[in-house]
Amino acid sequence: MKTDTEQHLPLSPATLHVLLALTGGELHGYGIMLEVARQSGGQYKIGPGTLYDNLKKLLSAGLAEESQPEDLVTGARRTFRLTTLGNAVLAAEVERLSGVLRHARRSIRLAERGL
Amino acid sequence: MHTFYRRLYRLLLRLHPTAFRNEFAREMALDFEDALYTYGLGRLFIDATGSLGRQWWARILSGAPDPISAPRPSLLAGNYVMVRDESFTPLELGRGVIASAAQLALCLFALSAGPEHVPNFPIVYAASAPAQTGQQKPELLLLHPSSPLPSYEVATVKPIDPDAASSMVKLPPGVSLSPLSVRRYIMNAYGAVDAQQIVGGPDWLNKDAYQINGKVPDDLGAALQKMTREQRNDQTRLMQQRLLAERFRLKAHFETRVLPVYELVPAKDGLKITEVAGPPELKPGDPPVRVRQGDPLSPGTMMSTANSNGLRVLNGRAIKMQLLARVIGGEIGGRPVVNHTGFTGYFDINDLTWAPSADAGAGGEPDGSSLASALEENLGVRLLPAKDPIEVLVIDGIERPTPN
């Protein structure tokens, strides 16, 4: 029986990066795009299409929520933030990836030694 | 040209399923505007096309009726009646696919035929101020951070008496800016030539003054010695950006906004100075340029001073028009000066003299008529009030630092 967090794993790279970007606080769409690029050293960039595909899934799964609705009068942008569940899923994914990395490093070391 | 691509992008957004479009299209259009100059058109259109396919695929797989098309009142039937949308029938699905294919073919045809063949699609989504950026590339580009940002080994941030700062930087009427203010530091860190390029933020950004010192790590210091002056300046700015992010919790994003500027353009009588040889190429390890009053100017440098009569005197040796525009902008204050002369060579400026105006930068005209006249009579260039797209940094959040 999978827990609430496990049923969302593994995360796609884009979903992982979007969740990671939101750990820093509330951001609007373009802020998320910039944060994803910054966190990956500019090697991974997502466009608005990929971003809102993922945000739609995250909102419906309750991993992220809208913290400020758009305001057409003031021009304020919609902002999004991580939920408690989203935080837990991200932590579980990072733990899962850590295990994969540990295994990968061990395998590479063994391969280099010719074992 | 970008108006054409904006319309094309909005058309792609309109082709998305209604529910997704109603929920996210406006934000996507705004993000497209923000990313237009940094992500590249190709990447953005591929991304939107991918999203279009994914959303329709998800919509077809789910088979659920569009939630936005749930039973709703409609005024289109002539009477106020309820209409109910059901799931797609195979016939409707086929018609939808044909219609979408026809629209995409129209887009591709229009793209290949050029912007003049594109029908004037109505603008559907509310556009924010940055969306109205005209069709030119932004001017006065800022230094964007590149990860990983270099860091000072140790940095001290000490608040000091704002009155200790002697001269104030000129801003639009009623506003002054301490040279040791955080806004000034942000300007330097991001390579802004005008205070208007840093948008938003609390009042204390202009008023509070800080003495900020950083020690460069030894390994980075050794690496800096092997860089050219420009590379060293950029590295220093990136360290300042990191300091702002860590100590001031600065959060900001780039936008392009149409701002009032002065364009430096050729005068009617033509250029009155002749091109000279360019300065020697910058080499790694060149020492920093120190410009002192009375010393002969090094090639590629300018100096603005006040003479004993209170007149301003500007000299430059083997400088480009971009640098002249930047220095004039600093003299005028209030709005930046952008180079639209089209002259790409190097020029000497010898004793360009003018009387500074008391209300410099406060009115709609350039700094006294005397600077404008001096530029036109001596150099053959003039200042033209205009509005141009300028890259700006919008502050989303910043906190006072903990002094150390």
Side-chain angles (χ1 to χ4, degrees), chain A residues 11-15 17-18 20-82, chain B residues 9 12-13 16-17 19-21 23-36 38-55 57-59 62 67 125-131 144-149 241-242 245 249 251-255 394 396-397:
Chain A
L11 300 177
S12 70
T15 309
H17 277 283
V18 171
L20 205 52
L22 290 174
T23 54
E26 300 173 8
L27 288 172
H28 55 57
Y30 187 57
I32 297 173
M33 289 164 58
L34 290 177
E35 185 63 10
V36 168
R38 192 191 69 75
Q39 286 177 348
S40 63
Q43 291 184 329
Y44 185 70
K45 290 183 176 177
I46 57 171
T50 309
L51 172 66
Y52 289 101
D53 285 350
N54 281 277
L55 272 178
K56 182 187 167 194
K57 289 181 208 159
L58 293 173
L59 290 171
S60 62
L63 305 187
E65 63 187 6
E66 191 175 343
S67 50
Q68 173 188 290
E70 66 183 332
D71 188 334
L72 291 175
V73 178
T74 62
R77 308 268 287 260
R78 292 172 75 182
T79 57
F80 303 92
R81 67 181 167 215
L82 212 56
Chain B
Y9 194 81
L12 276 176
L13 294 181
H16 278 71
F20 183 86
R21 190 174 71 227
E23 174 136 29
F24 297 116
R26 179 179 175 271
E27 293 296 319
M28 284 178 71
L30 291 174
D31 292 347
F32 172 80
E33 292 292 341
D34 287 335
L36 189 57
T38 50
Y39 275 59
L41 282 166
R43 183 193 291 263
L44 290 168
F45 275 99
I46 290 169
D47 172 74
T49 309
S51 165
L52 181 67
R54 285 191 298 273
Q55 289 305 321
W57 186 243
R59 168 84 180 82
S62 71
Y125 306 107
S128 66
H144 288 230
S146 57
S147 294
L149 284 174
Q241 290 182 9
R242 180 154 176 175
R249 305 280 178 206
K251 288 184 180 174
H253 68 276
F254 295 95
E255 285 184 7
V394 181
D396 299 318

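Residue numbering restarts at 1 for every chain, and letters A, B, ... go by the order of the sequence lines. Predicted model, so just to flag it, every value in this text is computed and none were measured.
- With rounding to the nearest 0.5 Å, the separation of OH in A/Tyr30 from CD in B/Glu255 is 8.5 Å.
- Here the shortest heavy-atom pairing between B/Phe254 and A/Leu34 reads N-CD1, 4.5 Å.
- Note: B/His253 and A/His28 have perpendicular aromatic rings, judged against thresholds of 30 and 60 degrees for the angle between ring planes.
- Of the charged side-chain nitrogens involved, none lies within less than 4.0 Å of a carboxylate oxygen, so that B/Asp396 and A/Arg77 do not count as a salt-bridged pair.
- Using a 4.5 Å cut-off between heavy atoms, A/Leu59 touches chain B through its side chain atoms alone.
- Atom CG of A/Leu51 is separated from atom CZ of B/Phe24 by 9.0 Å, given to the nearest 0.5 angstrom.
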Could you go step by step and tell me if B/Lys251 and A/Glu35 meet the salt bridge (Lys or Arg N to Asp or Glu O under 4.0 Å) rule? CA-CA 10 Å; B/Lys251 288 184 180 174; A/Glu35 185 63 10; over 6 Å; no
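- Enclosure of atom CZ in B/Arg249 is not indicated, since only 12 or fewer non-hydrogen atoms of other residues, nucleotides or ligands lie within 6.0 angstrom.
- The shortest heavy-atom contact between B/Asp47 and A/Pro48 is OD2-N, 3.2 Å.
- Rounding to the nearest 0.5 angstrom, the gap separating the CG atom in A/Asn54 from the CZ atom in B/Arg54 is 7.5 Å.
- Heavy atoms closer than 4.5 Å to chain A are found nowhere in B/Phe45, neither backbone nor side chain.
- Between B/Ser51 and A/Gly49, the shortest heavy-atom contact is CB-CA, 3.6 Å.
- Across A/Lys56 and B/Gln55, no two heavy atoms sit closer than the pair NZ-OE1, 3.0 Å.
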